[in-house]
Structures are given as structure tokens and as C-alpha cells.
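Structure first, then comments.
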Amino acid sequence: MELLEIRDVSKIYNRQTVALSNISLNVGEGEFVSIIGPSGAGKSTLLRCINRMIDPSSGAVFFQQNRIDQLPKKKLRQVRTQIGMVFQHYNLVNRLTVFENVLHGRLGYKSTLAGVLGYYDSFERRAAYEILAALGLQEQVFKRCDQLSGGQKQRVGIARALLQRPKMLLCDEPIASLDPSSSKIIMDHLQRISREMKITCLVNLHQVDVAIKYSDRIIGIRNGEVVFDGPPAQITPLIIEQIYGTEAHELILSLETLQPGQKSPVKQSEVAHAAC
Amino acid sequence: MTTVPRKPFDKSQVWLRTVLLLLTGVTLYTLMQLSAPDLDQKLALMADNFRLMFSESHFKHLTLLEGLYGIAITLSLAIQTTLIGALGALMLGLLAARNLAPHWLTSIIKSFVALIRAIPTILWVLIFAVSAGLGSTAAVIGMTFHTVSYLTKSYSESFEEIEPGVIEALRGCGARWWQIVFQAVLPTSLHPILSWTFIRFEINFLNAVAMGAAAGAGGIGFDLFMAGGHYLDFREVGMITYLIIAVSMILESSSIQLKKRLEL
Ligand SMILES: Nc1ncnc2c1ncn2[C@@H]1O[C@H](COP(=O)(O)OP(=O)(O)OP(=O)(O)O)[C@@H](O)[C@H]1O
Ligand SMILES: [Mg+2]
């Protein structure tokens, strides 16, 4: 069985806004999947229906044989420890240190009291330090989070998610607030995480070129429906048009033709492929 | 030539202006009605009393030590009511914050504390005096009551300021409610919570002075009442007022100092 199975999931907000309609997809272990689509397509809603930060209106979500949409609260908390989340705005507790924020990844495993008091054992503390070091943050461990740059904050967010020892990461536009070089660092880390640690990554992205470069598979969403699901090699201008609409396609193309000297992080062959 | 389009008609603006105009009219009218045959004399007498109070202040029925003792009693009344009130308000504030508690509960608590707040502290003290008798007990209960409702509102509003994403992130880690409260909500809102508590402490100090005079709660307020109402000694009233002002200023500056320390 797949790690994640989404079956006929729909989400209707306030009885009128249809954010997702009958989405079905399976995701296997260690896959790196990008979800692209225009603003308001339902990407964030889809991610949040997976760990039930949002309750789907109908349909079923299976994760490791657990039917998430019917789990009782306590079991749901246990399953959530297996799913890490990374956010566009990092969502760290700014007044606490990097170390404390990363250790929050353990809260789901702890007794209420230990978590309340912020008591973590030496294994957890060592693991937190090792993860931070692997992400190049050993200098920042005891800094307060509001003293970090955006790229550093995002790495703290990733470290917190990794300390959960998750099977899967849900990343909601992890690089949307970052400059190109920080973006590259973050995407490289995510790619390593999925390849080396065999952690499945589901990443909402706004940059088609980044999605093409990093993903094993791309899912295109428009108006709450899956309009494309396949490997990056299958992305064509026609498909981009189907996902984003005509104007967006022209915009993307003109951007690429306007800046011939600038090398995008995408391999040139892939750009050619996408643009042909 | 282009013309700037006219600002659309705004009903609330019209209302605001009408009300302001009305208020101005009422004020002018009452000022004109204000006439006393011996207004000059009365003003002169008042000025003289003020001069007595503040330029010839002295201790007579009271020693400085007794004055300080009165201040200490009033301060402890303020500290006690603020501390108990803050503890109660912390719990209620969490349950009244819309990002931490279900909607029905937050609206119940919010309207309940709004009701309590609508009635002034002194009335609560008098209400409790019916059952507890005039004195410090009624003052403590009444002041605490009002403090709880005041701080519940301020705290819950500080909690609601927290970025929803931070709470979402911890829920996503599988954290429980109490863990989220202690690991994210309280650290983030520590600063506003302390500020509000200090503001309420200053209010409670002044309330405690008034309660000493009006509700027999003792302390410097009672001394003030005796000096003014019993011995009719304006000079002593002035001295006690100086003492109270000095304490208020010390409280103010120490709260600023504390906040500065915590900002680091
Ligand atoms: N809490 C909510 N209440 C009501 N409607 C919502 C809510 N959240 C999202 N929506 C609506 O659901 C639809 C999908 O929103 P969603 O945030 O999932 O889109 P998205 O693809 O993540 O967009 P973006 O790329 O801008 O982040 C939108 O029409 C949005 O207005
Ligand atoms: Mg989104």
C-alpha cells in the first residue's frame, strides 16, 4: 500500500467556496512531489486536509493504513508526529531560541507536563543539535529566532519538522518569501531529505522552474481539481496553460525570453523542454 | 482637466459630526448658565486651600513612619488584588481567546467579563460589603473581581494577536493544548501580559487608596480620609497626597525598568 492515499477528497468552505473537488491521488514512500497551481487553486487546503489541520468535507485520507479523517483526537496527534510541516512564514516562536523551537518537534511524543515545562532528555537534545548542524546552523543554536534571516528561519522550521522523525513533510510554499540563493539552499536540503532519509516531500510551489528541477512528480491543481499528474518531463507549454490559464503561460514564457543572460536554477535543457 | 471624484457619502461621518455639534452646543449652554454671585470669592478660597495643602504640608496626627505604614498596607492591598486577579484572568483569558478556545465558550466569557467591567470597582466593593461588611475583605473581593474582568479582556486580546501559523505549527507537531499554551502562547505574549498587569497594578493602587477612604479598607486612604474629613487638616492632606504621588512615580519607573530588562 502507498504511504498516502487521498480518495475523492472535497472541501467546501462555508457551504459555498469549493476549494477542493474530488481529489484523488496516491503518494509513495520517498517521493518528491510538487504541487503547482494558480493562487486560490486549493494547494494549501489540500496539504492541510492531509494532516487534518482542516477537516475535509467528504472523501477519505489514508496515511500508513490510518484513515486520518476518522481518527479520534488522541490517535490523530500520534499520526501527526509522523507528518512534519514547513511553512512560507516559518511559524517559529520568535521569542524563543533556535534550539527551543527545534525541540518543539518532540512535543507530540511527550507527556503533557514534560512538554509544558520544556523538559527534553539528552537524546532529544543531541538529535536536535545534530540536525541543526546538518542544516548549517550550529552557530545559531542559542540565538533567538527573531535575530535570524529568512533562510535561516526556514532551516529552523525544517529542523523542527525533521526532529519529529516524520515519514512525510508537507511544505506550503517553503521558498515563497526567500531570495533565489536561500531558495536554492532550502530546496537542496529538501531534496536531500527525500533522497537520503527516504522522507516523502509534498511541496506547494509557485515557481514552475523549481518544481521541474527538483521533483520526481508534479501535480497541477486548478479550481480544486487535479489537471496534471506526472513526471516533470511531461510538462509542456500546453499543460502549463491548462494549469495556470493562457495569460500566465505567456507571462512565464516572456519572463524566460526576457532574461536570456540570467541562468535560472533550472537546467537549460529543461527550460527548453518546458518552453518548446 | 481631470476632476477628483467626490468622496462617497459616508453615513457614519454625518453621525459623528452631528453628535460632536450637539455636544459642543450643550457644553456652551451649560457654561453660560454657570453663574454664582460670589464666584470670585469661592475661587480665591479654593486657591488659598490649595496653597495651604501643597506649600505648607506637614505631618501632625500622623508620623512619617505611620504614613509609610499606611502606604505599605495600601500597597499590599493592591499587590494582593492584582496577583489573585492576574492568576484568575490568565486562565479565563486563555479560554476567552478565540484562537485557543471554542467560539461559544469565548463569547460566554467575554460577555460575562464585559458585564462585570461595566460596573465600577467601588460599586463591587459596596455590593460585597453587603455580605462581608465594610472593610478590607469586601475591598479585596470587589477589587479582585474587577481586576479579573479587566485583565481577562486585555490578556485574551494579547493572546489573539499571536500569529495563527505558530499555533498551527505546534498542533501539526502533535502538541497538546497546554503545551501550546506554555511553549508558544505565553512566551510570545509575555511582554503585553506584564504591561497590562502593571497598568492594572497602578490602577489598583489608586483604587486601594480610594477604598481605604470610602470602604474602610484601611491604609493610606483611611489616613487621608481622617486628615481631610475628621481633623480638617489640609496641610496633612497635602503631605499624604505627596506621599501617594511619590509612590505612584516609583511604581511607574520600576515597571519601565522591569520591561527594559525583559526586552533583552
Ligand atoms: N479559511 C477559509 N475560509 C473560507 N475560504 C477559504 C479558507 N481558506 C481558503 N479558502 C478559499 O479556498 C480556496 C483555496 O484556497 P487555498 O488557500 O487552498 O489556495 P492556494 O492554492 O493555497 O492559494 P495560494 O497559492 O494563494 O496560497 C480559495 O478560493 C480561498 O479563498
Ligand atoms: Mg496557499
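Order of the sequence lines fixes the chain letters, A, B, ..., with proteins taken first and strands second; residue numbering starts at 1 for each chain.
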**Prompt:** Checking L117(A) against chain B: side chain, backbone, both or neither under 4.5 Å from a heavy atom?
**Reply:** backbone

**Prompt:** What part of R160(A) lies closer than 4.5 angstrom to a heavy atom of chain B: side chain, backbone, both or neither?
**Reply:** side chain

**Request:** Using only heavy-atom distances, determine whether the side chains of S158(B) and S189(B) contain a donor-acceptor pair under 3.5 Å.
**Result:** no

**Prompt:** When the aromatic ring centroids of Y129(A) and F99(A) are compared, is their separation below 6.0 Å?
**Reply:** no

**Message:** Considering only residues two or more places apart or on different chains, which pairs with a residue in residues 148-176 of chain A satisfy ring-ring contact (aromatic ring centres under 6.0 Å, His included)?
**Reply:** none

**Most chain A-contacting option - heavy-atom pairs closer than 4.5 Å, from G165(B), C173(B), P164(B)** = C173(B)

**Prompt:** Considering only heavy atoms, which portion of Q183(B) lies under 4.5 Å from any heavy atom of chain A: side chain, backbone, both, or neither?
**Reply:** both

**Item:** Close contacts, residues 108-116 of chain A versus chain B, judged by heavy atoms under 4.5 Å
**Value:** G108(A), K110(A), S111(A), T112(A), G115(A), V116(A)

**Message:** Does atom CZ (R67(A)) have a neighbourhood of more than 12 heavy atoms from anything else shown, all under 6.0 Å?
**Reply:** yes

**T81(A) and Q164(A): CA distance, side-chain angles, deciding distance, side-chain hydrogen bond (donor to acceptor under 3.5 Å, both in side chains) verdict** = CA-CA 6 Å; T81(A) 61; Q164(A) 292 177 234; over 6 Å; no

**Request:** Answer yes or no: does atom NZ of K110(B) have more than 12 heavy-atom neighbours from other residues, nucleotides or ligands under 6.0 Å?
**Result:** yes

**Item:** Contact origin within L96(A) toward chain B - heavy atom pairs under 4.5 Å
**Value:** side chain

**Prompt:** Between H89(A) and E163(B), does any side-chain donor sit less than 3.5 Å from a side-chain acceptor?
**Reply:** no

**Complete:** Whatever's closer than 4.5 Å to a heavy atom in chain B on R106(A) counts as neither

**Prompt:** Would you call T188(B) and N94(A) a side-chain contact if the rule is heavy atoms closer than 4.5 Å?
**Reply:** no

**Message:** Checking side-chain polar atoms at under 3.5 Å, does E100(A) have a donor or acceptor matched by the opposite partner on T97(A)?
**Reply:** yes

